[in-house]
Amino acid sequence: MLFRSEDAAYAPYRTTINGQRIAMSTANGVVAAYRVKLDEVRVGNVTLNNVDGVVHPDTAMPVVLLGMSFLNRMEMTRDGETMTLKKRY
């Protein structure tokens, strides 16, 4: 999962204390970010625990991105324009 440092202010941890500082390559060059462990992530009626995430300083990013640390734990099915996610484990 990738989300902005602005959004991290609403999370129950401080990335500068508990997050591991990493370097990320972006279209605008290399930026500092923080790797964190999210105790709980809820999307709709699905809840996952202990999900890896990255807090990125880019305030222009309008959404939180679900990454493979979340999606690998889901079963995905598609019917036309509808994608359904179900918790695998």
Side-chain angles (χ1 to χ4, degrees):
M1 295 195 58
L2 178 68
F3 54 102
R4 304 175 299 173
S5 50
E6 246 175 55
D7 297 323
Y10 297 102
Y13 58 82
R14 296 284 176 238
T15 57
T16 54
I17 296 170
N18 296 329
Q20 175 188 4
R21 188 180 170 118
I22 60 172
M24 285 183 56
S25 295
T26 71
N28 293 324
V30 177
V31 297
Y34 294 91
R35 182 178 295 148
V36 295
K37 182 70 78 174
L38 304 167
D39 291 337
E40 179 180 279
V41 175
R42 281 183 278 156
V43 176
N45 62 353
V46 174
T47 301
L48 297 180
N49 299 96
N50 298 317
V51 178
D52 292 323
V54 173
V55 177
H56 186 280
D58 184 1
T59 57
M61 187 173 58
V63 295
V64 173
L65 301 177
L66 292 177
M68 294 311 292
S69 63
F70 183 90
L71 294 173
N72 276 338
R73 295 163 65 179
M74 305 299 292
E75 177 184 317
M76 291 178 259
T77 57
R78 185 173 168 191
D79 183 16
E81 294 183 8
T82 302
M83 180 181 286
T84 304
L85 300 175
K86 289 184 184 175
K87 186 175 175 178
R88 280 199 289 174
Y89 56 90

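Residues take their numbers from the sequence shown, with the count starting at 1.
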With V54, which of L65, V36, I22 fulfils side-chain contact (heavy atoms from CB on, under 4.5 Å)?
->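 Among L65, V36, I22, the one that satisfies the side-chain contact (heavy atoms from CB on, under 4.5 Å) with V54 is I22.
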Assess whether atom CG of N49 is packed by more than 12 heavy atoms of other residues, nucleotides or ligands within 6.0 Å.
->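 Yes.
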For side-chain contact (heavy atoms from CB on, under 4.5 Å), just list the numbers for L66 and M74, CA-CA rounded to whole Å, side-chain angles, deciding distance to a tenth of an Å, and then say yes or no.
-> CA-CA 11 Å; L66 292 177; M74 305 299 292; over 6 Å; no
Donor-acceptor contacts, no H, no angles, side chain residues 41-48, under 3.5 Å, sequence neighbours left out:
residue: R42; atom: NE; partner: E40; partner atom: OE2; Å: 3.0

Check whether V64 and M83 end up in the same hydrophobic cluster, where Ile, Leu, Val, Met, Phe, Trp and Tyr are linked by side-chain heavy atoms less than 4.5 Å apart.
->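 Yes; M83 is reachable from V64 via cluster members.
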Out of curiosity, does V55 fall in the hydrophobic cluster containing M68 (side-chain heavy atoms, cut-off under 4.5 Å, transitive links)?
->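 In one cluster: yes.
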In chain order, what residues pass the side chain to side chain contact (heavy atoms under 4.5 Å, CB included) check against R78, with sequence neighbours excluded?
->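 By the side chain to side chain contact (heavy atoms under 4.5 Å, CB included) rule, R78 matches no residue at all.
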Kindly give the heavy-atom pair with the smallest separation between D52 and K37, and that separation in Å.
->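 Reported closest heavy-atom pair: OD1-NZ, 2.7 Å.
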Minimum heavy-atom distance between H56 and A33, given as atom pair plus value |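 Minimum heavy-atom separation between H56 and A33: CA-CB, 4.4 Å.
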